[in-house]
Amino acid sequence: MERVRFAPSPTGYLHIGGVRTALFNWLWARKRQSQGGGGFVLRIEDTDRERSTQASVDVILDSLRWLGLDWDEGPGVGGPSGPYTQMERLPIYKEYADLLIAKSKAYRCYCTKEELDAQRAALKARDPKAQFRYPGTCRGRTDAPALPHVVRLLVPETGSVRYVDKVFGEIVTPNAAQQDFVLLRSDGVPLYNFGAVVDDTSMGITLVARGRDHMVNTPPQIMIYEALDRPPPAFAHLPMMLAPNGEKLSKRHGAVSVTEYRDQGYSPRAVLNYLARFGWSHGDQEVFSLDELVAAFDWEHCNKSDGKFDAKKFLAINHEHLKTPRLTSDAEYAARTQPFVAARGLDVGVASIETVVPLIRERAVTFVDAADRLDFVFRDPPAIDAAAATKFLVPASAPLLRQLAAVLEPVEPWIAAPLEAAVNAWLPGTGLPMKDIAQPARVALTGRTASPGLFDVIAVLGRTRVLARLRAAADSIG
RNA sequence: GGCCCCAUCGUCUAGCGGUUAGGACACCGGCCUCUCACGUCGGUAACACGGGUUCAAUUCCCGUUGGGGUCACCA
């Protein structure tokens, strides 16, 4: 059984790059699950007590839930390998550290941070280019567990660590590049590499997939597995998602937290679709449902080179998902749009919205955009755009709007085709082209110069409101 | 600087020795048309450079250049 995990640090919002890591793991777990066995574990790595907060844990869990990335084990759902929060696992790390010390694979170090900082500074002063490595001061020192100490791994001076990355292939790193790094801090809290290894091995993780920025952590982690006499999991590193200018993607480059995209009216599956296609491909296919992603995902087609985030393409993918009923049903579309309609001060139920989704499906690029385009349907009287009125609600159009109202009034049934037929029958007598009547009518009915097709608008609004709006507009012209 | 990684249109990518180097987004035109979209047709646009290997390199190897990651009692 393949077991993967996502192990975020609760030090802020869930970053879009983090979502991609979670997604790839999740996709793999779900794919394996469909093939017989797969598990997705969520673990909170909160050992950085300075920056970790419960609020952040909540945001991360909410974000994952919104995205639909459910976990089989972890916070909220439990599981046999808990607890799933590192600060609740301190005894386990101590147990593993003691084991390593007993096996002489690790040792207690009594050097203080101040002493080490001083050594680092001294070296830097002597040779600015030199790289400080812990000199192994406490390697042979008499053990005194009662004294304050950290636990360091005894790293071999020679040799190298080799592993085969699922996306990068064979990676060889000389041991000389490592030092006797710290496993456990003096307060008993593990450092990242040790905590990750102890958790991954004790939770039965078989594949670790994470960002390429973690690739440098893999050799030391493998050393820990070896010291523990535990088989290391497989590793897969994902290329990084950079900002358009090649820098690390951060707040100053625009929205990077999942919640922002949620609030901007993105579809969670569009977010996942864009992220999945970033660093991974499946022939020429660009648009995927979640099921298609699960079925198609593999490590072989993961890319090795870093990429740059493209907000425009992201938006285009979102538009694609909103356009396609197969990817976003009317019901879901309405449910996701409703909060944004409500935010505009319109008290409208999901059911009412659902009936008009077809009107704006091809046009709206986000659910926020959808709410905006639907405003005229639910606001009565409609908000008339001043510029639109100045341009089209001119004296000459007043009689036309009244005539149009008269032409439409008796139409039966009140649906697009006969309504359009009625107007087409009337039009020749006016000697005007359709656009000369359509634009003033559009502004009168929707308040804007751009809207869904005029006859769809007329049909949806209903006889009463159409006649009222046309006549009100004509009256307003004076 | 040490160690590690990467390199196809502006961007995301297909390609796994022989292709008119394909798709998508973006951009620019045409068509459709009651507006805006959608749709559709077409266009501009890429193998970083230098050596090898080979009958043949975008593809394999080496180097150069460029870019990135990381060097903590952060993760």
Side-chain angles (χ1 to χ4, degrees), chain A residues 7-9 11 45-52 109 111-113 116-117 120 127-134 148-152 165 168-169 171-174 176-179 181-187 189-193 195-196 211-219 237 239-242 244 246-248 274 277-287 300-301 303-317 319-320 323 360-365 373 388 392 420 423 427 433-443 446 448-455 457:
Chain A
S9 290
T11 56
E45 305 208 331
D46 59 346
T47 55
D48 183 345
R49 291 141 100 192
E50 309 281 298
R51 298 189 298 155
S52 298
C109 168
C111 299
T112 64
K113 183 162 191 345
L116 261 16
D117 284 345
R120 229 185 302 270
D127 180 0
K129 277 185 263 199
Q131 173 60 47
F132 178 78
R133 293 174 72 241
Y134 176 69
H149 63 270
V150 300
V151 176
R152 288 179 185 273
D165 191 284
F168 285 95
I171 305 291
V172 181
T173 308
Q178 310 296 341
Q179 58 178 324
F181 56 89
V182 175
L183 265 21
L184 218 50
R185 298 196 287 212
S186 48
D187 58 4
V189 177
L191 242 42
Y192 173 71
N193 279 331
R212 189 175 61 79
D213 50 335
H214 279 290
M215 201 150 51
V216 72
N217 287 319
T218 305
H237 289 95
M240 316 223 21
M241 185 160 66
L242 274 18
E247 290 175 9
K248 207 164 198 165
Y274 176 74
R277 272 290 285 100
F278 196 105
W280 172 82
S281 61
H282 187 61
D284 286 340
Q285 189 172 352
E286 300 282 350
V287 180
E300 290 68 36
H301 292 86
N303 238 122
K304 294 193 276 205
S305 46
D306 296 340
K308 294 171 186 169
F309 178 79
D310 184 348
K312 285 218 178 107
K313 179 139 190 176
F314 191 3
L315 220 211
I317 291 291
H319 190 191
E320 204 61 48
K323 270 193 316 212
I360 43 99
R361 235 191 212 291
E362 293 185 331
R363 298 174 168 82
V365 163
R373 288 168 187 274
F392 293 107
E420 182 164 12
V423 171
L427 219 44
M434 177 68 91
K435 70 170 162 36
D436 282 9
I437 185 65
Q439 282 306 78
R442 189 187 313 284
V443 174
T446 71
R448 308 182 184 189
T449 56
S451 80
L454 186 61
F455 298 100
V457 167

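All values reported here derive from a predicted model rather than from experimental measurement. Letters A, B, ... mirror the listed sequences (proteins, then strands); counts begin at 1.
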Report the distance from atom CD of A:Glu362 to atom CD1 of A:Ile360, rounding to the nearest 0.5 Å.
10.5 Å
A:His301 has its side chain closest, among B:C36, B:A37, B:G15, to B:G15
With hydrogens left out and only the distance checked, is there a donor-acceptor pair under 3.5 Å joining A:Asp213's side chain and the base of B:A75?
no
What is the separation between atom CD on A:Gln178 and atom P on B:A72, rounded to the nearest whole Å?
12 Å
Can you check the distance between B:C5 and B:A14, where both ends of the measurement are the C1' atom (answer in whole Å)?
23 Å
Could you tell me whether A:Lys248 and A:Asp213 have a side-chain N and a carboxylate O separated by less than 4.0 Å?
no
Sugar-phosphate only, base, or nothing, as touched by A:Lys113 at under 4.0 Å among non-hydrogen atoms:
base
Rounding to the closest angstrom, what is the interatomic distance between B:U59 and B:U54 at atom C1'?
13 Å
Could you tell me which non-hydrogen atom of A:Pro452 sits nearest to which non-hydrogen atom of A:Val457, and how far apart they are?
O-CG2, 3.6 Å
In whole angstroms, the gap separating C1' of B:C12 from CE of A:Met241 amounts to 12 Å
Distance, rounded to the nearest Å, where A:Met240 contributes CE and B:U70 contributes C1'
11 Å
Euclidean distance, A:Ile171 CD1 relative to A:Thr218 OG1, rounded to 0.5 Å:
8.5 Å
With both distances kept under 3.5 Å, what pairs with B:C34, Watson-Crick or G-U wobble?
none
Under 4.0 Å: is that the gap between some side-chain N or O of A:Arg120 and OP1 or OP2 of B:C73?
yes
Closest-nucleotide mapping onto RNA chain B: is A:Gly279 or A:Val150 further toward the 5' terminus? I mean the 5' end.
A:Gly279
Whole-Å C1' distance, B:G50 and B:G66:
14 Å
Considering only heavy side-chain atoms of A:Gln439, the closest of B:U35, B:C38, B:A75 is B:U35
In whole angstrom, give the distance that lies between atom CG of A:Leu183 and atom C1' of B:C74.
16 Å
Provide, to the nearest angstrom, the distance between the NE2 atom belonging to A:His282 and the C1' atom belonging to B:U13.
14 Å
For the side chain of A:Ala438, counting heavy atoms from C-beta on, which of B:C34, B:C36, B:C73 is nearest?
B:C34
Taken in chain and number order and not counting sequence neighbours, the residues that satisfy side-chain hydrogen bond (donor to acceptor under 3.5 Å, both in side chains) with A:Asp165 are A:His237
Base, sugar-phosphate alone, or nothing: which one does A:Thr112 contact when heavy atoms must sit under 4.0 Å apart?
base
How far, in whole Å, is B:G42 from B:C36 if one measures between their C1' atoms?
23 Å
Which base sits across from B:C49 as a Watson-Crick or G-U pair, both distances under 3.5 Å?
B:G63
Atom CZ of A:Arg442 and atom C1' of B:C36 are separated, to the nearest Å, by 8 Å
For the side chain of A:Lys248, counting heavy atoms from C-beta on, which of B:G69, B:C73, B:G15 is nearest?
B:G69
Compute both the distance and the angle, then confirm whether A:Arg152 meets the cation-pi test with A:Tyr134: under 6.0 Å from the six-membered ring centre, within 45 degrees of the axis.
yes
Can you tell me how far apart CG (A:Asp310) and CE (A:Met241) are? Round to the nearest 0.5 Å.
11.5 Å
Any N/O donor-acceptor pair, A:Arg363 side-chain to B:C38 base, under 3.5 Å:
no
Under 3.5 Å between N/O atoms: give me all the protein pairs with nucleotides 1-8 of chain B, atom names plus distance.
residue: B:G1; atom: N2; partner: A:Gln131; partner atom: OE1; Å: 3.0

Using Watson-Crick geometry (N1-N3 plus N6-O4 or O6-N4) or G-U wobble (N1-O2, O6-N3), each under 3.5 Å, B:C3 is paired with B:G69
Judged by atom type as modelled, is there a donor-acceptor pair below 3.5 Å linking the side chain of A:His149 to the main-chain atoms of A:Thr112?
no
Measuring only the P atom in each nucleotide, how far is B:A48 from B:U11? A whole number of Å is fine.
12 Å
Which one is paired to B:G10, where only Watson-Crick or G-U wobble pairs with both distances under 3.5 angstrom count?
B:C25
Is the side chain of A:Arg133 donor-acceptor paired with the backbone N or O of A:Gln178 at a distance under 3.5 Å, no angle test?
yes
At a cut-off of 3.5 Å, list every protein nitrogen or oxygen paired with a nitrogen or oxygen from nucleotides 48-50 of chain B, distance to 0.1 Å.
none

With sequence neighbours left out, write down each residue that passes side-chain contact (heavy atoms from CB on, under 4.5 Å) with A:Gln285, or none if nothing qualifies.
A:His282, A:Phe288, A:Glu292
On a whole-Å scale, what distance lies between the P atoms belonging to B:G17 and B:C12?
25 Å
B:A56 versus B:C41 - spacing of their C1' atoms, nearest Å
37 Å
Between CG of A:Leu454 and P of B:U35 the distance, given in whole Å, is 11 Å
When you compare B:U8 with B:G2, how far apart are their C1' atoms, in angstrom units rounded to a whole number?
31 Å
Nearest-0.5 Å distance, CG of residue A:Leu191 to CZ of residue A:Arg185:
6.0 Å
In the strands shown, is B:U58 matched to any nucleotide by a Watson-Crick or G-U wobble pair with both distances under 3.5 Å, and which?
none
Rounding to a whole Å, what distance do you find between A:Arg448:CZ and B:A37:P?
14 Å
Quick check for you: to the nearest 0.5 Å, what is the distance between A:Lys313 atom NZ and A:Arg277 atom CZ?
5.5 Å
Could I get a table of every N or O pair under 3.5 Å where one atom is in the protein and the other is in nucleotides 23-26 of chain B?
residue: B:G23; atom: N2; partner: A:Glu286; partner atom: OE2; Å: 2.6
residue: B:A24; atom: O4'; partner: A:Glu286; partner atom: OE2; Å: 3.4
residue: B:A24; atom: O2'; partner: A:Lys313; partner atom: NZ; Å: 3.4
residue: B:A24; atom: N3; partner: A:Lys313; partner atom: NZ; Å: 2.9
residue: B:C25; atom: O2'; partner: A:Lys313; partner atom: N; Å: 3.4

Sugar-phosphate only, base, or nothing, as touched by A:Ser186 at under 4.0 Å among non-hydrogen atoms:
base
A:Met434 side-chain proximity, nearest of B:C38, B:C34, B:A14
B:C34
Between A:Pro239 and A:Ser305, the two heavy atoms sitting closest are CB-O, 3.2 Å
Spacing of A:Ile317 atom CD1 and A:His319 atom NE2 [to the nearest 0.5 Å]
11.5 Å
Set of ring-ring contact (aromatic ring centres under 6.0 Å, His included) partners for A:Phe314, sequence neighbours left out:
A:Tyr261, A:Tyr266, A:Tyr274, A:Phe309
